[in-house]
Amino acid sequence: MSSAQPSRPAQPYYFKAGRLASRFNDLIGWLARHGISFAGTAELSVRGRKSGKMQRIPVNPHTHDSGQFLVSARGHSQWVRNMRAAGGGELRVGRKVRRFTAVELPDDEKLPILRSYLEKWGWEVNQYFKGVTAKSSDDELNAAAADHPVFRITVTR
């Protein structure tokens with residue numbers, strides 16, 4: 001008999017927020033809900049795939065070549081899983097609410113978006129990219145692409 005253990009599928013990358021980061025996210029989300037955005041942050045609302053309730057989290061909407069994107073710096077988070085199921089959500093800054101639909105990009109289309117996202121937001125998110133930065137090679141960014149879901153969003157109103 002073989003003593004080899006059955007292999008488990010690798011878990012998708014996810015960098016869970018610690019207690020301090022969660023409190024900071026709560027503050028940034030609260031500020032966005034009340035009309036104060038830091039460097040373009042907004043509060044994302046997306047319907048929970050299990051609960052059906054709207055889940056809220058602060059995000060950094062990103063514009064690249066006239067397209068709008070949401071990048072998950074922390075990886076395959078709950079909002080990403082909910083977005084895949086819901087296909088859209090809302091972005092809020094104060095009273096301004098933008099509803100949108102979302103389509104997830106395949107890994108081979110992420111390179112220019114990830115590079116420009118890291119150029120703008122790297123000061124905040126580089127620690128979640130395991131050493132990859134805006135100055136990394138194309139090969140390094142492409143290798144990181146599977147760990148960081150990217151959604152093209154289209155505002156519907």
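Keep in mind the model is a prediction, meaning the values are calculated, not measured.
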* Asked: Do any pairs count as a ring pair (Phe, Tyr, Trp, His ring centres under 6.0 Å) and have a residue in residues 21-43, sequence neighbours left out, and if so which ones?
  -> Trp30-His34
* To do: Might you confirm whether atom CZ of Arg23 has over 12 heavy atoms from other residues, nucleotides or ligands at distances under 6.0 Å?
  => no
* Any side-chain heavy-atom pair of Thr101 and Thr154 under 4.5 Å -> yes
* Asked: Which residue pairs pass the salt bridge (Lys or Arg N to Asp or Glu O under 4.0 Å) test with at least one member in residues 125-136, sequence neighbours excluded?
  -> Lys130-Asp147
* Give a yes or no on whether Ile28 and Ile57 share a hydrophobic cluster (residues Ile, Leu, Val, Met, Phe, Trp, Tyr; joining criterion: side-chain heavy atoms under 4.5 Å apart). => no
* Got Leu118 and Val125 here, is their nearest side-chain heavy-atom distance under 4.5 Å? -> yes
* Asked: Residues in side chain to side chain contact (heavy atoms under 4.5 Å, CB included) with Gln127, at least two apart?
  -> none
* To do: Side-chain contact test, heavy atoms from C-beta onward, threshold under 4.5 Å: evaluate it for Arg115 versus Leu141 and give yes or no.
  => yes
* Given the rule in the side-chain contact (heavy atoms from CB on, under 4.5 Å) test, do Lys53 and Arg47 qualify, once you have shown the distances and angles that lead to the verdict? -> CA-CA 5 Å; Lys53 296 179 182 175; Arg47 188 158 311 282; 5.8 Å; no
* **Hydrophobic cluster identity match, Val150 and Val80, side-chain contacts under 4.5 Å** => no
* Between the main-chain N or O of Tyr14 and the side-chain N or O of Arg74, is there a donor-acceptor pair closer than 3.5 Å? -> no
* Which residues satisfy the side-chain hydrogen bond (donor to acceptor under 3.5 Å, both in side chains) test with Ser137, sequence neighbours excluded? -> Glu140
* **Residues clustering with Leu20 (ILVMFWY side chains joined when closer than 4.5 Å, directly or via others)** => none
* Those residues that, when tested against Asp107, pass side-chain hydrogen bond (donor to acceptor under 3.5 Å, both in side chains) (two or more places apart) -> Lys110
* Among all residues two or more places apart in sequence or in another chain, which pass the side chain to side chain contact (heavy atoms under 4.5 Å, CB included) test with Asp26? -> none
* Asked: If you look only at pairs with a residue in residues 95-106, which of them pass as a salt bridge (Lys or Arg N to Asp or Glu O under 4.0 Å), with sequence neighbours excluded?
  -> Arg84-Glu104, Glu90-Arg99
* Asked: Counting distance only, does the side-chain N/O of Asn82 pair as donor-acceptor with the main-chain N or O of Arg49 below 3.5 Å?
  -> yes
* Asked: Taking the hydrophobic residues Ile, Leu, Val, Met, Phe, Trp and Tyr, and joining any pair whose side-chain heavy atoms are under 4.5 Å apart, which ones share a cluster with Met54?
  -> none
* To do: Decide whether Ile113 and Phe151 are clustered together by the hydrophobic rule: side chain heavy atoms of Ile, Leu, Val, Met, Phe, Trp, Tyr closer than 4.5 Å, transitively.
  => no
* **Donor-acceptor contact present, side-chain Ser72 to main-chain His76, <3.5 Å** => no
* Structure fact -> Residues at least two apart in sequence or cross-chain that pass side-chain hydrogen bond (donor to acceptor under 3.5 Å, both in side chains) with Glu109, listed by chain then number, are none
* To do: Only counting residues at least two apart or in another chain, list the ones meeting side-chain hydrogen bond (donor to acceptor under 3.5 Å, both in side chains) with Ser116.
  => His62, His64
* **Test item: Leu70 and Arg152 side chains (from C-beta on) under 4.5 Å apart, heavy atoms** => no
* Asked: What ring pair (Phe, Tyr, Trp, His ring centres under 6.0 Å) pairs are there with at least one residue in residues 125-144, not counting sequence neighbours?
  -> Phe15-Tyr128, Phe129-His148
* Side-chain heavy atoms of Asn60 within contact of Trp121, under 4.5 Å -> yes
